[in-house]
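Below is one structure; the comments refer to it alone.
Side chains included, hydrogens not; waters and symmetry mates left out as well; all remaining heavy atoms used.
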Amino acid sequence: MPANNASLYKLEGFLEWLEIWEKNEPISAVSDQRRVAVLDWIMSRYSDPYAGARREPVAENYWFAKIPWTWHDGQVVVCNFWIYEAERRVVCDQIGTLGWPV
């Protein structure tokens, strides 16, 4: 992470959506490895919320990402989120699992 905390983004709603994802997934799909991959990805949003994400045509600040290292049984964990650049905020809209291809 950058040394200057002023350049970091504030994350909102990610842990709540992580809990919802864990509760809604079959126990076999929420392995420790997948959980760590999702947490690592969430933490990476502090310094660069755009990394590995694509903007969705719904709105200029709405983004979608496939979370690396979460592929399991033909499915991958994904996240939709809002980036409010002027406020340095990233707000999770949802975390879920989608079937491949995504």
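- Ring planes of Trp63 and Tyr50: perpendicular class, angle over 60° (limits at 30 and 60°).
- We find the SG-NZ distance between Cys79 and Lys66 to be 14.0 Å, quoted to the nearest 0.5 Å.
- Within 6.0 Å of the CD atom in Glu60, the count of heavy atoms belonging to other residues, nucleotides or ligands does not exceed 12.
- Other residues, nucleotides and ligands contribute over 12 non-hydrogen atoms within 6.0 Å of the CD atom of Gln94.
- With rounding to the nearest 0.5 angstrom, the CD atom of Gln75 is 6.5 Å from the CD atom of Glu25.
- The OH atom of Tyr46 sits 4.5 Å away from the CG atom of Leu11 when rounded to the nearest 0.5 Å.
- Annotation: the span from Gln33 atom CD to Trp69 atom CH2 amounts to 9.0 Å, rounded to 0.5 Å.
- Centroid-to-centroid, the aromatic rings of Phe64 and Trp82 stay 6.0 Å apart or farther.
- A 4.5 Å side-chain heavy-atom check between Asp93 and Trp17 finds every atom pair outside the cut-off.
- To the nearest 0.5 Å, atom CG of residue Leu8 and atom CG of residue Asp48 are 11.0 Å apart.
- Checked options Ile20, Val78, Ile42; the residue passing with Ile95 is Ile42 (criterion: side chain to side chain contact (heavy atoms under 4.5 Å, CB included)).
- Nearest heavy-atom pair across Tyr9 and Arg45 is CB-O, 4.0 Å.
- Taking every heavy atom of both residues into account, Ala65 and Gly52 meet most closely at CB-O, 3.9 Å.
- In this structure the side chain of Arg34 reaches within 4.5 angstrom of the side chain of Thr97, judged on heavy atoms.
- Shown here is Trp71, whose CH2 atom has more than 12 heavy atoms of other residues, nucleotides or ligands within 6.0 Å.
- Minimum heavy-atom separation, Ile67 to Val76: O-CG2, 3.9 Å.
- A 4.5 Å side-chain heavy-atom check between Val36 and Thr70 finds every atom pair outside the cut-off.
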Check step by step if side-chain contact (heavy atoms from CB on, under 4.5 Å) holds for Lys10 and Arg88.
CA-CA 6 Å; Lys10 179 181 177 189; Arg88 306 288 291 173; over 6 Å; no
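- The minimum heavy-atom distance between Ala37 and Pro68, with the atom names listed, is CB-O, 3.7 Å.
- Taking a cutoff of 4.0 Å between a charged side-chain nitrogen and a carboxylate oxygen, Arg89 and Glu12 qualify as a salt bridge.
- Using cut-offs of 30° and 60° for the angle between ring planes, the Phe81 and Trp41 rings count as perpendicular.
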